[in-house]
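Proteins come first, then strands; the chains are lettered A, B, ... in the order of their sequence lines, and each starts at number 1.
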2 protein chains.
Amino acid sequence: MKVSKEQAQQNKQALLDAAGALFKQHGIDGVGVADVCREAGLTHGALYKHFADKQDLAAQAFTHAFRAGYDKVSTPRAGKARTLGTYLDAYLSKRVRDDLSKGCPLVSTACETGRQSEAVSRSFADAFVELRSGIEGVLPNAGDSGGDKAALANLMVAALVGAMAISRGVVKADRMLADEVLVQVHSVLDGM
Amino acid sequence: MKVSKEQAQQNKQALLDAAGALFKQHGIDGVGVADVCREAGLTHGALYKHFADKQDLAAQAFTHAFRAGYDKVSTPRAGKARTLGTYLDAYLSKRVRDDLSKGCPLVSTACETGRQSEAVSRSFADAFVELRSGIEGVLPNAGDSGGDKAALANLMVAALVGAMAISRGVVKADRMLADEVLVQVHSVLDGM
DNA sequence: TGTACATCAGTGAACGCGCGTTCACTGATGTAC
DNA sequence: TGTACATCAGTGAACGCGCGTTCACTGATGTAC
């Protein structure tokens, strides 16, 4: 049956929320469209009224998930300055490491993106650039190194993404090692 | 029919080679056991004479692929010293970025490992520790920062893995951006 | 060295299952009069 | 404002297909005598 326009919009958001969490948790290839729709309280046929296909859903869900997480971190709270530490704490958190459905989709889908459609790659690139800009904006002004902030921002995002991916990769076999990676990378980046 | 023991060993190696390349290219979830066996010149039933199941194959293929690539980089060539630059050049290469079947399995399966069995995580952890040791061994002695080489090695591996994953993630949408990430991260790490 | 035979790596049909996508259909919504 | 009806979001059966794994079977290998 037809539903109201507001209901339809709500359903689309529910699909994006569900897809964001499930894709991060099990990978795009590891989740069926039926799973996403069930999680959103719909049947699988409904998906194709909102998205062209699974790749389209993946691309939009990526952007949706990135925006949700990034706005939380980058929007300055009342009275609290947004610093490099804000990014480091938010990114390199053990709690996020242990819950795959949480966290930045850059980490969850980094390796997978190379195998997905160009639309997914586009979403990924936009998110990366936005995070990199945000971090570049909070870098301390001109350090002793001469202050090539742009290059440093690239390194920082790469290290954040890599550290979380590695920590998640090793945690099942060696929890102490996983914690060590997060802590050490946090400490080195904090001192740059 | 039965084959000679040497032939059987050769076939197992062929399975590991095929699995290593295909898993890196399409992800563990993205490749069927039949694909791996076909690539190795066998039928799918043969796989279960060498490996308990697909996860077992994935774990052994990971180690096999890491060893093959790492030995090539870390074994000092005659007359050539093994330096940090050796690692950086080998890791942050555009050629490797553009051929998913090549390169370090740490990058290819980083995000995926969190969803695989503990055996895969074990292989991943061992490889990470080995690469980190190798890099720690070529770090310049005691920089101005006080020389916490262990922490720096963690950062370097995280940055290498993250930079390659990001470069691969964005390359379909923005090749210049993908190149920029590799170059900038290379340059910053080289100066540390 | 020659023969008889147990071993077992590899074969390929078969299993149950879940996948992404399509499509005829339903019926509340929202518009035209 | 009230009624008739076109719209279209959502349903659920059906499609062809490939998946991981099992298993009865094959026949060259390699061993025991």
B/Val33 or A/His50: which one's nearest nucleotide on DNA chain D is closer to the 5' end? A/His50
Nearest-nucleotide 5' precedence on DNA chain D, B/Lys2 against B/Ile28: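 Here B/Ile28 is the residue nearer the 5' end.
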Could you check whether A/Asp35 gets within reach of a base, just the sugar-phosphate, or nothing at all, counting any heavy atom under 4.0 Å?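 Since only primed, P, OP1 and OP2 atoms lie under 4.0 Å of A/Asp35, the category is sugar-phosphate.
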For A/Val31, report the nucleic acid contact type (base, sugar-phosphate, nothing); a contact means any heavy atom under 4.0 Å.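 Sugar-phosphate only.
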Side-chain donor-acceptor pairs under 3.5 Å in residues 28-44 of chain A, sequence neighbours left out?
unit_1	atom_1	unit_2	atom_2	d
A/Asp35	OD1	A/Arg38	NH1	3.3
A/Asp35	OD2	A/Gly32	N	3.0

When the ring centroid of B/Phe66 is compared with that of B/Tyr70, is the distance short of 6.0 Å?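 Here the rings of B/Tyr70 and B/Phe66 have centres that are less than 6.0 Å from each other.
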Between A/Asp98 and A/Arg175, is there a salt bridge with N-O shorter than 4.0 Å?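 Salt bridge between A/Arg175 and A/Asp98, a charged N being under 4.0 Å from a carboxylate O: yes.
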Indicate whether any N or O donor in one side chain lies under 3.5 Å from an N or O acceptor in the other, for A/Thr113 and A/Ser121.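 The answer is no; no qualifying pair exists.
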Is the Lys NZ or Arg CZ of B/Lys172 less than 6.0 Å from the centre of A/Phe124's six-membered ring, within 45° of the axis? no
Checking A/Tyr48 now: which residues fulfil ring pair (Phe, Tyr, Trp, His ring centres under 6.0 Å) with it, not counting sequence neighbours?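 If we apply the ring pair (Phe, Tyr, Trp, His ring centres under 6.0 Å) test to A/Tyr48, skipping adjacent residues, there are no hits.
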My validator wants the stems of DNA chain D: runs of 3 or more consecutive Watson-Crick or G-U pairs, both distances under 3.5 Å, written as range with range.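 Stem list for DNA chain D: C:2-33 with D:2-33.
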The side chain of B/Lys49 is closest to which nucleotide in this list: C/dT11, D/dT22, D/dA9? C/dT11
